[in-house]
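All remarks here apply to the structure that follows.
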Amino acid sequence: MQATALTFSDDQAEAYDRLAAAFLGAGIDLAESELRPAAEGRTSVLAVVGKAGSGKTMLLAELYRGLKAAGVDVVSGDYEGRRRKDRRTLAILAPTNKAASVLRLRGVPATTIHRILYTPVYAPEYEKIAEWLAGTGTRPVVEGMTEVALDRAYAFYQQIASIPGALAAAGLKGSDFITGWKRREEPLDVGFVDESSMLDERQLDDLREIFPTLVLFGDPAQLAPVGASGEMVFDKLSEGRKLVLHRIHRQTEDNPILDLAHALGDARLGFEEFEALVQEKARADDRVVWAERVEAGLMARSPVLVWRNVTRVRLIQAFRNAYGAPEDQLLPGEPLICDGIELPLKHRKRRIDLEARGLIKGAQVIYLGEGSRPGFARLHVVGAEEPQVSAASIIKIEKPDEEEPFIPHAATMGAAFLHGAAVTIHKAQGSQWEEVQVFAPDLYAAAQSGRSEAGVPLWKRLAYVAITRAQHRLFWVVRNRLARPSGPLSIDDLRREPSPLALGEIEPGV
């Protein structure tokens with residue numbers, strides 16, 4: 001171990017050393033901060049597992065810094081230059097935009113799995129500019145682009161290493177320089193996957209094709225993917241490939257939200273005893289709130305977390321009524337959840353385009369208004385690196401006691417959305433918000449059902465995931481009531497200028 005051992009717990013230090021040994025096989029020496037020839041044909045999948053507060057993210061960030069210091073190139077979804085024989089690469093991934101954005105806020109350059117599986121295709125003349133900015137080509141001469149514009153692009157890239165951002169600074173639109181997306185052809189070297197409890201076997205197989213060295217970071221106490229029988233992908237690894245972090249770190253020991261999450265590990269704790277503990281924490285610390293009603297104002301940006309779909313639909317309807325939303329249209333500022341892409345198989349290229357821009361299943365989106373073409377909507381994709389897009393959209397609003405949803409906004413084909421003022425705890429996994437409202441009557445219903453998952457009462461798994469979505473404050477809502485908002489819906493808190501990749505609308509395909 002190097003100097004980093006001074007800040008690590010024993011289990012973190014052991015995990016760091018085990019991973020450093022694995023990286024040697026990829027030609028990366030963390031101890032000497034240098035690159036070496038990689039071992040041909042060698043593959044490795046390891047997992048770092050631990051509950052909330054055990055230091056997984058801290059370890060991931062320290063490993064990223066060590067790899068970067070050794071000369072490893074970090075690959076994002078923006079642009080990737082030609083592969084060099086002596087190059088070593090790292091990609092830091094998360095299953096959702098929101099999970100990736102949480103890492104970026106902590107200084108870790110994460111992107112989504114989709115943005116690594118699919119790479120952008122640049123128009124040839126702008127590919128030359130990208131190569132020059134990335135340091136692998138000479139200053140180009142491009143028809144229609146002035147020297148002043150190139151200087152602006154260069155100055156931007158020196159401040160922020162984003163090829164799309166630099167090209168936008170030169171006066172270009174995303175639709176000028178990115179002509180489409182393609183499935184990745186060249187493998188990378190090392191991949192980190194955060195929130196890996198959300199991965200299914202198919203996604204893991206895709207990642208194994210790309211990364212000879214793959215490290216999964218996950219929480220074994222969370223919910224397994226639907227249909228996975230309570231098993232997560234890292235559960236199938238041999239014990240020697242799972243590095244377990246046990247210690248809860250000093251900076252988390254006085255966090256009442258994490259205290260509640262870890263209390264759920266007590267097999268003797270029942271639902272009533274747990275609620276009494278929530279009340280006790282709420283009296284002692286304002287980061288836990290015993291709430292008699294749901295706050296409509298919070299639902300606009302962080303959904304209420306529920307277990308049952310019927311609860312979700314009723315809360316969404318109450319939210320829309322509280323804001324006076326008309327039945328036949330959406331208000332700017334209403335939250336949405338991407339429910340997938342509704343395109344036939346022959347439009348695979350269009351599907352890739354939508355997904356690469358952040359419109360993946362489960363993405364949290366804010367409706368900004370009608371697009372400039374029929375069937376299009378302007379959208380803010382929460383947590384995406386380029387958040388504002390205009391896309392062909394099919395928006396569905398479910399209503400209580402009605403089988404068919406109402407569709408206020410319908411393209412023929414494109415990205416499909418459900419309302420996002422309330423979501424199930426399963427769908428919230430992988431996301432975090434500053435403030436989170438958990439609808440406790442639903443968890444009581446789960447406790448009364450007597451159901452278990454992987455030998456653990458279902459209500460405890462649900463409560464653990466819901467509670468750990470809160471970064472700063474937890475609202476434990478105990479009554480089926482809604483507090484009206486203090487003002488109208490707004491989009492003033494969102495970045496108003498479209499991002500480089502968002503300029504130009506995303507066609508649904510014909």
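All heavy atoms count here, side chains included; hydrogens, waters and symmetry mates do not. The structure displayed is predicted, hence computed values, not measured ones. Residue numbers count from 1 along this sequence.
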Do [X] side-chain atoms and [Y] backbone N/O form a donor-acceptor pair below 3.5 Å?
X: Arg104; Y: Ala110; result: yes
X: Lys460; Y: Asp266; result: yes
X: Asp194; Y: Ala94; result: no
X: Ser196; Y: Phe217; result: yes
X: Lys98; Y: Gln432; result: yes
X: Arg473; Y: Arg287; result: no
X: Arg18; Y: Lys242; result: no
X: Asn97; Y: Gly358; result: yes
X: Gln429; Y: Leu223; result: yes
X: Ser302; Y: Met299; result: no

Evaluate the side-chain proximity of [Y] to [X]: yes if any heavy-atom separation is below 4.5 Å, no if none is.
X: Ser431; Y: Glu195; answer: no
X: Ile28; Y: Thr213; answer: no
X: Leu204; Y: Leu216; answer: yes
X: Pro335; Y: Ile366; answer: yes
X: Val45; Y: Leu207; answer: no
X: Asp285; Y: Lys281; answer: no
X: Leu264; Y: Ile467; answer: yes
X: Gln448; Y: Phe271; answer: no

With Gln437 as reference, evaluate Val294, Leu474, Leu305, Val306 under the side chain to side chain contact (heavy atoms under 4.5 Å, CB included) test and give the passing residue.
Val294

Applying the side chain to side chain contact (heavy atoms under 4.5 Å, CB included) criterion to Gln12, which one of Asp17, Leu243, Leu245 satisfies it?
Leu245

Write down the atom of [X], the atom of [Y], and the distance for their closest heavy-atom approach.
X: Arg312; Y: Val423; value: CD-CA, 3.9 Å
X: Arg184; Y: Ile116; value: NE-O, 2.8 Å
X: Pro303; Y: Gly420; value: CB-O, 3.3 Å
X: Gly270; Y: Trp459; value: C-CZ2, 3.7 Å
X: Gln203; Y: Met198; value: OE1-O, 3.9 Å
X: Leu46; Y: Ser44; value: CG-OG, 3.8 Å

Let me confirm one number: the [atom1]-[atom2] distance from [X] to [Y], rounded to the nearest 0.5 Å.
X: Phe234; Y: Leu199; atom1: CZ; atom2: CG; answer: 9.0 Å
X: Met413; Y: Ile341; atom1: CE; atom2: CD1; answer: 12.0 Å
X: Leu214; Y: Asp189; atom1: CG; atom2: CG; answer: 12.5 Å
X: Glu272; Y: Leu277; atom1: CD; atom2: CG; answer: 13.5 Å
X: Asp259; Y: Asp254; atom1: CG; atom2: CG; answer: 8.0 Å
X: Lys68; Y: Ser33; atom1: NZ; atom2: OG; answer: 13.0 Å

Is the number of heavy atoms from other residues, nucleotides or ligands within 6.0 Å of [atom1] ([X]) greater than 12?
X: Glu404; atom1: CD; answer: no
X: Tyr444; atom1: OH; answer: no
X: Asp205; atom1: CG; answer: yes

So does [X] pair up with [Y], basic N to acidic O under 4.0 Å?
X: Glu34; Y: Arg36; value: yes
X: Arg87; Y: Glu186; value: no
X: Lys361; Y: Asp339; value: yes

Intermediate values then yes/no, side chain to side chain contact (heavy atoms under 4.5 Å, CB included), Glu62 and Leu30:
CA-CA 11 Å; Glu62 192 63 35; Leu30 291 186; over 6 Å; no

Would Leu418 and Lys427 count as a side chain to side chain contact (heavy atoms under 4.5 Å, CB included) here? Give the steps.
CA-CA 12 Å; Leu418 299 174; Lys427 283 198 173 180; 4.2 Å; yes

Determine the interplanar angle of the Tyr16 and Phe8 rings, folded into 0 to 90°, and report it as parallel if under 30°, tilted if 30 to 60°, perpendicular if over 60°.
tilted

Is the Trp476 ring parallel, tilted or perpendicular to the Phe274 ring (thresholds 30°, 60°)?
perpendicular

What do you reckon, are the aromatic ring centroids of Tyr64 and Phe192 less than 6.0 Å apart?
no

Could you give me the CA-CA distance, side-chain angles and deciding distance for Leu63 and Leu19, then say whether side chain to side chain contact (heavy atoms under 4.5 Å, CB included) is met?
CA-CA 9 Å; Leu63 288 164; Leu19 291 167; 3.4 Å; yes

Residues Ile407, Ile395; criterion side chain to side chain contact (heavy atoms under 4.5 Å, CB included); working and verdict
CA-CA 6 Å; Ile407 303 178; Ile395 300 171; 5.8 Å; no

